[in-house]
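Proteins come first, then strands; the chains are lettered A, B, ... in the order of their sequence lines, and each starts at number 1.
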Amino acid sequence: MEKQEILERLNEEQREAVVATEGPVLILAGAGSGKTRALVHRIAYLIDVTGVSPGHILAITFTNKAADEMRSRVDDMIGFGSQEITVSTFHSLCVRILRRNAELLGFTRYFSIYDTDDQLSLMKSILRQKNLDPKMIREKAVLGRISSAKDELVTPEKYKMLNTDYYGKRVGELYEAYQTKLLENNAMDFDDLIAKTVELFEKHPDLLEVYQERFRYMMVDEYQDTNTAQFRLVSLLAEKYRNLCVVGDDDQSIYKFRGANIRNILGFEKVFPDAVVVRLERNYRSTKHILEAANEVIRHNHGRKDKRLWTENAEGAKVKLRRFLNGFEEAGYVCGEISREVRSGKRRYRDYAVLYRTNAQSRLFEEKMLMASLPYRIVGGINFYSRREIKDMLAYLKTIDNARDDLQVMRIINIPKRGIGAATISKVLSYAEAGGISFFEAACSAGEIPGLSASAAKKLTGFTDFIAVLRARAEGRKISELLKDVTTETGYVDELEKEETEEAESRIENINELISKAVQYEEKEPEPTLSGFLEEVALIADIDTVETGDDRVLLMTLHSAKGLEFPSVFMTGMEEGLFPSSMSINAERPEEEIEEERRLCYVGITRAKESLTLTAARERMIRGEVTASPLSRFVREIPRELVDLGEENAVPMSGRVLNLSGRGADAGMRDAILGGARKSPVRTAYQNPYKKAAVPMSSIQKAKPAFEAGDTVRHVKFGEGTVLEIKDGGKDFLVTVDFPGWGVKKMYASFAKLKKI
DNA sequence: TATATAGTGTTTTTT
DNA sequence: ACACTATATA
């Protein structure tokens, strides 16, 4: 593409960002300011105008999905050569580098990648080994500390030097033991992927230079969410050619809990004084009303780079605010609105996103969507790959692939039941420790382990022989075939089939889905390897698998929504204690944490193109307790004139920020808004002042079934059956039915759509 | 060794 | 409300 052609499609600021090809560049890109567009054009410009070879370009994105999108957009522009560009997430990039050079760090190229579950079991085994009480020392807390240390590139040795208090010392020891175990198991956790790559480069400057030569032009997206380790990695790579272009928005920094260092972006100009700074403040995404609301909310944060987004877009509708009795009503309203608008032909399902602060909130929406038969997709939550049956199958594959991964061996040694219990395992374990060999090796020579009965030894040998057979077969066998072997020859699926419960059935379905994922991987990858498949499985984010073509409502956390946009957005659970979360309100430094929550709110608002609805419940069930929920302060930071309160819901609103803390002049107003429910938790018996908003869906919610015990009913799948019992299960009626040939099933009345015959 | 049961703690957000 | 753990029992 010609220079003119590339530049004429951009605004002045974007153009600046594109032509500054040499040296450090900081692009401060507000939400919806066409930053991806700028980046894509910059890559095209580098290749077609500056003449940079595509192989010398590295672009780092936040998710695999964003990487794919960027690559295909570049592809559309330059036609060919885009395969040579490296577009990748930090984690994928590091794995690729590490696989090639793992031997230099004492690992093999088959190293496993540990997820949070694996980390937890490893730490548990360490605590057991050290005879530490898991009640006194919480493995999760320890892992949190270790993770932060790794984000900051603090090694166990350094950690021990820095932390000399009792707990700190303990954590230091555990950190050290944990790293030793990981190495023994030939495994790395997520944080290691970055930290070990940095270590590799620092120990081997010659290797670093190879990559510096390769990646002469670098771009880092979502720069505000990089942590110290990632910053170090980028700096190392950019040291030689200094062609580093970072793109970010300090107002959208929402991953501090994961080690994101906002100073990386705020201090970029200090580290690179010669940096060209470009500001993209024109928004192409949202209506004036939505953008103004976002501006007003984020204005309440201190310590940010001052900016104010503007747009030439239409004024649009006001931001809708609706309050409800409780979470059920809230979910009912959202589903009702979506359903109504889609039926009227105004929008499609995929135009909507329902956003919430915590994954736990998704359940209510899911239930209502099912009842209303709205097509939806929940992003995140319980990850497919963290389901038990999937983890079991993957543990077999990891055991086959990585001979040193004892953690996986111990997971599956008695799954399905082989009569190998805790007593046997601990004997093998101490034998392994005494001999300085791996658990698996020890199990292989079970006959020599003192104190083991002949029958126990036989069971162990049976297992190790089985693994050996699979391992031998793995060579030259397709991954999907190997996986099928595992599912059948272990008897895992047989065992599930015997259970004959709906749960077991869905587990089998999940296993089959895993097999088809393996098939997909084989089809797409030119050189499929078992390690490669396991790696893809470990690094895939839930958002990466969202089908963009599907016509479904998307449900996700505000965090997952980053980088996305939708014509219509519902921000739900806009309540004090939920959003901002009570964790942030009660933190040691609440100001900081609440500012992070406010940025999250800003991210949410700016996802909306045309329509934004804020919803809140007055009461919410939290851990089984009903809690009164005042309206979120963020809602009150939006000026009154930008808000549409709805006809029935006209609660008093303020155009300014209320004084909420003390009595003062705002006390009356405060009570009106907060519903007089400030102390939480508080049980309130209240009457519904907003009848109208409360009605939709609720009638469907809990209808007494049109049949009773003894009746014959028909089910879509199980056919005819006899109703044994109908029980009031709170939200819904629980029906027990005996289906001849299928067994006795329990199901929710509104869910199962049973018909009386 | 495997299973049923009571008791206990837990929740923010994710690559 | 729910999941996980420790304990008792077969």
**Prompt:** How close do A:A187 and A:F107 get, heavy atom to heavy atom, and via which atoms?
**Reply:**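 Where A:A187 meets A:F107 most closely, the heavy atoms are O-CE2, 3.3 Å.
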
Check your understanding: Does the pair A:R363 and A:E367 meet the rule for a salt bridge (Lys or Arg N to Asp or Glu O under 4.0 Å), with working shown?
Key -> CA-CA 6 Å; A:R363 241 195 58 200; A:E367 281 172 17; 3.4 Å; yes

Worksheet item: Taking side chain as C-beta onward, heavy atoms only, is A:V546 less than 4.5 Å from A:D544?
Response: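 Answer no - side chains too far apart.
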
By side-chain contact (heavy atoms from CB on, under 4.5 Å) - contacts of A:I415 (at least two apart):
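side-chain contact (heavy atoms from CB on, under 4.5 Å) list for A:I415, sorted by chain: A:D392, A:Y492.
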
Using a 4.0 Å heavy-atom cut-off, does [X] contact any base of the nucleic acid, only the sugar-phosphate backbone, or nothing at all?
X	value
A:D151	nothing
A:S582	nothing
A:K459	nothing

Exercise. Please state the C1' separation for the pair C:dC4 and B:dT13 - nearest whole angstrom.
Key: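 Pairwise C1' distance, C:dC4 against B:dT13, rounds to 23 Å.
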
Among A:D221, A:I543, A:D225, A:T89, the one residue meeting side-chain contact (heavy atoms from CB on, under 4.5 Å) with A:F62
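Only one option passes, and that is A:D225.
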
(Q) Cation-pi check for A:F111 against A:R99: NZ or CZ below 6.0 Å from the six-membered ring centre and within 45 degrees of the axis, yes or no? (A)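 Ring-cation test returns yes.
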
Report the distance from atom CD of A:E619 to atom C1' of C:dA1, rounded to the nearest whole Å.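 For the pair A:E619 CD and C:dA1 C1', the rounded distance is 16 Å.
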
Under a 4.0 Å heavy-atom criterion, the protein footprint on nucleotides 10-15 of chain B, written with B, S and -, is BSBBBB

